[in-house]
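Remarks on the structure that follows.
What you see is a predicted model; the values in this text were computed from it and never measured. Order of listing sets the numbers, starting from 1, for every ligand and every atom in it.
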Amino acid sequence: MKRFRVLVTRQPLGNSLDRLEKIAEVRLNREDRPMTMEEILEGVKDCDGLISLPYDRVDGELMDASGRLKVISNHAVGYDNIDVEAATKRGIMVTNTPDVLTETTADLAWALILATARRLTEAERYLRDGRWESWSPSLLVGTDVHGRVLGILGMGRIGAAVARRAQGFRMKVLYSDVFRNEKAEKELGIEYADLKRVLKESDFVSVHVPLMPSTHHFIGERELNQMKRSAIIVNTSRGPVVDEMALYRALNERRIAGAGLDVFESEPIDQENPLLRLDNVVLVPHIGSASRDTRIAMGDLAVENMMAALRGRIPPSLVNRELLKTKPLSG
Ligand code: GLV
């Protein structure tokens, strides 16, 4: 009999579970769909560990349903789907998958900057619809990216990777954050400014703040009104960081020029969402970290975190580090 039992809510890419199976009985959802809450509550019974995904709501009730949960390993860098306070109160470790997805997510933010500026998806729809009849000086003209001002909201790992790419486009980069990142300022030649100035002076605004109570609707009507009419906003963090209805109104009334969105207030997107009716947006289904190598690395790290925690070691990416004060874990 294996000592541990782990619920995995969806098959990770790659074969990382093979290692986990050496020490634990793995209860895996083999279907290509998320588990329902009822299925998770049932499946987590008597489990020591849970490997969860961004759409799994992990709250105190779920934690208690296990009866012996020790670790929640989120297969994502964001962990707004987990009630970390409830986990800490119960002595349950929470881990995530930072670093391995930084560059891939920055690539997608850039793909959205470029696609929105140059109207790529709109242009493709035009071509596929058979509407391309001539070369015209005014056909699908967009806006230049090179040499413009990029505003980055949140200068963490992903924000810095987005800023680094801007050097190749010879852009001036402004950023705002609750903390100054002097290392990034020195290395990347970027400038710290308050939020209002970043919004006012940027041609492109890229959002890289985590979702937490203080960042819910961080960008709303007032902030959107501070942006240039020609500006484009890109969000690859979490949907609720931006007030989506305020964004829709700003785009519809052309108070800003465009948006590139990987994340939405409600996912998967509702087909009634009015953003779907706009041409000046590029919309993709939460694929920021979706390169093959990165998704395999995320699965590996989620399993590594799980195995370390089950073995009584400090997991490589422990979120609630305050537990270390009370838990006898080895390094
Ligand atoms: C995905 O959205 C993640 O947080 O890794």
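- For R238, a nitrogen or oxygen atom sits less than 3.5 Å from a nitrogen or oxygen atom of ligand 1, counting backbone and side chain alike.
- Atoms of ligand 1 lying under 4.0 Å from at least one heavy atom of H286, given by number and element, are 1 (C), 2 (O).
- By the neighbour-count criterion of 12 heavy atoms within 6.0 Å, atom CZ of R118 is sparsely surrounded, having that number or fewer from other residues, nucleotides or ligands.
- Here is the list of ligand 1 atoms found below 4.0 Å of a heavy atom in G78: 3 (C), 4 (O).
- At least one donor-acceptor pair under 3.5 Å links the side chain of S291 to the backbone N or O of T294.
- Under the 30°/60° scheme for interplanar angles, the aromatic rings of Y175 and Y192 are found to stand perpendicular.
- In terms of polar-atom proximity, V77 is counted as a contact of ligand 1, with an N or O under 3.5 Å from an N or O of the ligand.
- Side-chain contact check for N305 and S73: no donor-acceptor pair (N or O, by modelled atom type) lies under 3.5 Å.
- Neither the backbone nor the side chain of T97 has any atom closer than 4.0 Å to an atom of ligand 1 (non-hydrogen atoms only).
- Of the N and O atoms on the side chains of R148 and T143, at least one donor lies less than 3.5 Å from an acceptor on the other residue.
- Put simply, the side chain of R238 reaches to within 4.5 Å of the side chain of D80, judged on heavy atoms.
- Near L101, the atoms of ligand 1 lying under 4.0 angstrom from a non-hydrogen atom of the residue are 5 (O).
- For the pair H75 and ligand 1, no heavy-atom separation below 4.0 Å is found.
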